[in-house]
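Please read the structure below before turning to the comments.
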Amino acid sequence: MGNPLPKAFFARPAELVAPELIGCLLVKRQEGVALLWGVLVETEANSQEEPACHGYRRRTPSNETLFGEPGRFYVYVSYGIHHCVNVVTHRADWANGVLLRAAAIPGEPERVAAGPALLARRFGIDRSRDAQLVDPDRGLWIAPRPPELAGLGAADLTQTSRIGISQGQELSWRWYLRASRSVSRRARGDRQPPALVTAAPP
DNA sequence: TTCACGATTCTA
DNA sequence: AGAATCGTGAAG
């Protein structure tokens, strides 16, 4: 879990990175407590050339990080109240990133991090993390898929349109792990999978 | 300085 | 389906 994704992983277009991030682990090191980690189960891609992207209109102090080098967190405030966490991708001077929309945290309620703002809240991520490197040395990073999830493929994911945007609906740039109950919102017709049975009856 | 709006969430 | 809630960016 200490091994982070290599920097080159993020130096690709967001729509390539986003689906590959599913199954990876978001990990946070905290003072005096065990590592906090969760499996990423839902992501969205965003890119400068389309209107749903924060960098579509102009480069400003608040979206500056999105235009920076890949491999950093871009954290923004949503609706004045919530925080949302992105990972910057592709290359510098081109707004491109992946929104981390949901994570499944072992041993915790299924939906504590089911949604971008809930994920940010549970991991205690706010604007102070903006522009910070995705790196174990900074205490917050992303680890590759663990062995048991290494076999994840397109067949395990649902690809659909993004959530909460008015423009850019035609792009199917949201991906989620179908087997997970920690997904923020399922595509139409996709039934919620059964809960995992963790304990055998006596 | 002011105003309208939003990559959301919670409740009914 | 609708409200809450406030940081931003564009307008004045």
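Lettering of chains follows the sequences in order, A, B, ..., and the numbering in each one begins at 1.
Taking Leu157(A) as the reference, Pro19(A), Ile22(A), Trp175(A), Leu177(A) meet the side chain to side chain contact (heavy atoms under 4.5 Å, CB included) condition, with sequence neighbours excluded. The ring-ring contact (aromatic ring centres under 6.0 Å, His included) search around Tyr76(A) returns His54(A), Tyr74(A), not counting sequence neighbours. Residues forming a side chain to side chain contact (heavy atoms under 4.5 Å, CB included) with Gln169(A) (at least two apart in sequence, or on another chain): Ser161(A), Ile165(A). Applying the side chain to side chain contact (heavy atoms under 4.5 Å, CB included) criterion to Pro51(A), with sequence neighbours excluded, gives Tyr56(A), Gln167(A). Every residue meeting the side chain to side chain contact (heavy atoms under 4.5 Å, CB included) condition with Gln48(A), not counting sequence neighbours, appears here in chain and number order: Phe67(A), Trp94(A), Ala95(A).
Annotation for Arg185(A): atom CZ does not count as buried by contact number, only 12 or fewer foreign heavy atoms lying within 6.0 Å.
The stretch residues 6-16 of chain A participates, sequence neighbours left out, in these side-chain hydrogen bond (donor to acceptor under 3.5 Å, both in side chains) pairs: Lys7(A)-Glu69(A), Arg12(A)-Glu20(A). A salt bridge (charged side-chain N to carboxylate O under 4.0 Å, His left out) check over residues 74-96 of chain A, counting only residues at least two apart or in different chains, returns the pairs Arg59(A)-Asp93(A). Applying the side-chain hydrogen bond (donor to acceptor under 3.5 Å, both in side chains) definition to pairs two or more places apart or across chains, those involving residues 133-160 of chain A are Thr158(A)-Arg178(A).
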How does each nucleotide of nucleotides 1-9 of chain B score, in 5' to 3' order, for protein heavy atoms under 4.0 Å: base (B), sugar-phosphate only (S), or none (-)?
-----BBBS
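When hydrophobic side chains of Ile, Leu, Val, Met, Phe, Trp and Tyr are connected at separations under 4.5 Å, Ile163(A) ends up as a singleton with no cluster partners.
Looking at DNA chain C, the stems built from 3 or more consecutive Watson-Crick or G-U wobble pairs, each pair with its key distances under 3.5 Å, are B:1-6 with C:6-11, B:8-11 with C:1-4.
Note that the first and last nucleotides of DNA chain C, 5' to 3', having any atom under 4.0 angstrom from a heavy atom of chain A are dT5(C) to dA10(C).
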